*Asks:* 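One structure is given below, represented as structure tokens, and several questions about it will come after.
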Amino acid sequence: MTDLQEIVDAIAASCSREVDRGAVARYIPQLAHVDPMQFGIAVVTGTGEEFVAGDCDVGFSIQSVSKVFTLTLALQKVGDALWDRVGREPSGDPFNSIVQLEHEAGLPRNPFINAGAIVIADVLLAGGTPAAALDEVVTLLRQIGEDSSIAVDGAVAKSEIAHGARNMALASFMKAYGNLKNEPVEALQLYSNACAIAMSCRQLARAGRYLAWDGHNGPKGPVVTSSETARRVNSLMLTCGHYDGSGEFAYSVGIPGKSGVGGGILAIVPGIASIGCWSPGLNAVGNSMLATKALELLAARTGWSVFSGQS
């Protein structure tokens with residue numbers, strides 16, 4: 001295989017020439033101001049080496065990528081009892097759809113759509129305060145991302161909460177069905193602030209290592225979670241991590257990944273690498289256009305698809 005840094009550099013160069021970059025998210029006003037010309041990628045391997053290019057150290061709002069980490073914490077807290085409150089199937093609908101939620105009596109299809117992640121936030125609250133639960137999420141990310149500067153972007157959080165009427169509708173609907181134990185406003189405060197956490201591609205790639213190495217923060221690193229939890233999160237990332245574009249991502253890229261409307265994608269090659277990739281412009285289903293393209297090129301050049309037999 002060609003030197004990994006050469007591959008990463010070539011991908012960044014290819015992406016820099018792209019004219020069609022999609023459109024930045026506008027339903028959260030603070031995200032509408034982000035420069036769509038930015039692109040970054042970071043690959044962390046089992047040796048601890050980091051192969052980076054582009055705007056790899058620029059912080060961005062991770063948005064729904066945060067759901068990977070909140071799901072991990074929820075599984076640690078309640079285990080399989082979680083699946084009594086949220087499903088494990090792809091949605092086939094937009095991430096903020098209420099139609100499916102009504103049809104299925106307040107049970108979200110999976111933990112990565114908005115309704116499912118709001119239930120996860122409710123689990124993490126466990127009768128405590130949103131501030132305490134948020135501190136647990138941020139503390140985890142600082143530990144596994146090896147950077148104490150990781151924090152919530154207050155401006156994004158404020159913007160998200162102020163324009164979160166649809167999420168409030170989802171939360172209130174689930175509360176009516178008894179699938180929210182805390183008050184909707186508390187679950188949404190935690191949910192919105194977790195989505196507003198800012199990280200760079202490098203930080204995100206570091207934070208994802210436990211998913212690449214059976215719950216360990218690197219092949220010889222400390223335990224973050226159980227190997228069973230890591231495998232379950234990976235499986236959901238592969239089948240549900242890109243909303244109603246999950247099948248296309250599995251087809252074209254072939255590795256577990258979780259996207260966010262901030263333009264970030266966390267991708268995992270089990271036993272080999274954790275990857276953070278970011279470009280703010282989104283495609284029609286809300287996934288980063290250039291980050292998806294970059295990961296497709298990376299998988300093709302390295303043979304890292306989980307379906308290829310080469311990873």
Side-chain angles (χ1 to χ4, degrees), residues 42-50 62 64-90 110-112 116-117 119-121 123-124 126 133 136-147 150 194 199 203-242 246 249-250 253-259 265-277 295 298-299 302-311:
V43 180
V44 178
T45 65
T47 62
E49 293 177 281
E50 298 179 355
I62 65 172
S64 287
V65 181
S66 66
K67 297 171 184 177
V68 170
F69 307 109
T70 55
L71 173 60
T72 298
L73 288 171
L75 284 170
Q76 289 174 337
K77 287 181 180 294
V78 301
D80 282 346
L82 180 66
W83 308 123
D84 293 333
R85 299 180 58 188
V86 61
R88 301 191 296 269
E89 297 295 336
N110 66 68
F112 291 153
V119 169
I120 298 298
V123 170
L124 296 183
E136 186 177 12
V137 177
V138 173
T139 297
L140 171 67
L141 286 171
R142 288 175 175 173
Q143 290 173 345
I144 61 181
E146 297 180 348
D147 195 328
I150 294 171
M199 297 177 72
Q203 292 168 332
L204 191 58
R206 289 175 180 172
R209 288 174 296 181
Y210 74 97
L211 295 170
W213 286 284
D214 284 330
H216 292 255
N217 209 24
K220 298 180 180 180
V223 174
V224 176
T225 191
S226 68
S227 59
E228 180 181 41
T229 293
R231 288 195 301 271
R232 289 180 171 180
V233 173
N234 273 327
S235 67
L236 287 165
M237 288 171 71
L238 183 65
T239 58
C240 307
H242 282 72
S246 298
F249 189 84
V253 179
I255 57 179
K258 182 69 195 83
S259 69
I265 298 177
L266 171 65
I268 302 298
V269 189
I272 294 181
S274 174
I275 307 156
C277 198
L295 291 168
L298 183 64
T302 58
W304 281 354
S305 168
V306 297
F307 305 111
S308 70
Q310 297 180 53
S311 62

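Quick caveat, the model's predicted, so the values are computed rather than measured. The basis for the numbers below is simple: all heavy atoms, side chains too, and nothing from hydrogens, waters or symmetry mates.
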*Asks:* Among all residues two or more places apart in sequence or in another chain, which pass the salt bridge (charged side-chain N to carboxylate O under 4.0 Å, His left out) test with D84?
*Replies:* none
*Asks:* The criterion is ring pair (Phe, Tyr, Trp, His ring centres under 6.0 Å); which residues satisfy it with F249, sequence neighbours excluded?
*Replies:* H242
*Asks:* Considering only heavy atoms from C-beta outward, does the side chain of W83 approach that of L75 to under 4.5 Å?
*Replies:* yes
*Asks:* Is M237 close to V68 at the side-chain level, that is, under 4.5 Å between some pair of heavy atoms?
*Replies:* yes
*Asks:* Under 3.5 Å, which donor-acceptor pairs link side chains of residues 216-226 to any protein atom two or more places apart or in another chain?
*Replies:*
residue : atom : partner : partner atom : Å
H216    : ND1  : G221    : O            : 3.1
T225    : OG1  : Q76     : NE2          : 3.0
S226    : OG   : T229    : N            : 3.1
S226    : OG   : T229    : OG1          : 3.0

*Asks:* What residues, two or more places apart in sequence or in another chain, satisfy side chain to side chain donor-acceptor pair (under 3.5 Å) together with S274?
*Replies:* none
*Asks:* Is any side-chain heavy atom of I120 closer than 4.5 Å to a side-chain heavy atom of L82?
*Replies:* yes
*Asks:* Under 4.5 Å between any side-chain heavy atoms of S227 and R231, yes or no?
*Replies:* yes
*Asks:* For residues S64 and K258, determine if any side-chain heavy atom of one lies less than 4.5 Å from a side-chain heavy atom of the other.
*Replies:* yes
*Asks:* Only counting residues at least two apart or in another chain, list the ones meeting side chain to side chain donor-acceptor pair (under 3.5 Å) with E146.
*Replies:* R209
*Asks:* Can you list the steps and then say if Y210 with L140 is a side chain to side chain contact (heavy atoms under 4.5 Å, CB included)?
*Replies:* CA-CA 12 Å; Y210 74 97; L140 171 67; 5.6 Å; no
*Asks:* Taking the side chain as C-beta and beyond, is there a heavy-atom pair between V43 and L298 under 4.5 Å?
*Replies:* yes
*Asks:* Sequence neighbours left out, what passes salt bridge (charged side-chain N to carboxylate O under 4.0 Å, His left out) with R232? Give chain and number order.
*Replies:* D80, E228
*Asks:* Side chains of I255 and I275: closer than 4.5 Å at any heavy-atom pair?
*Replies:* yes
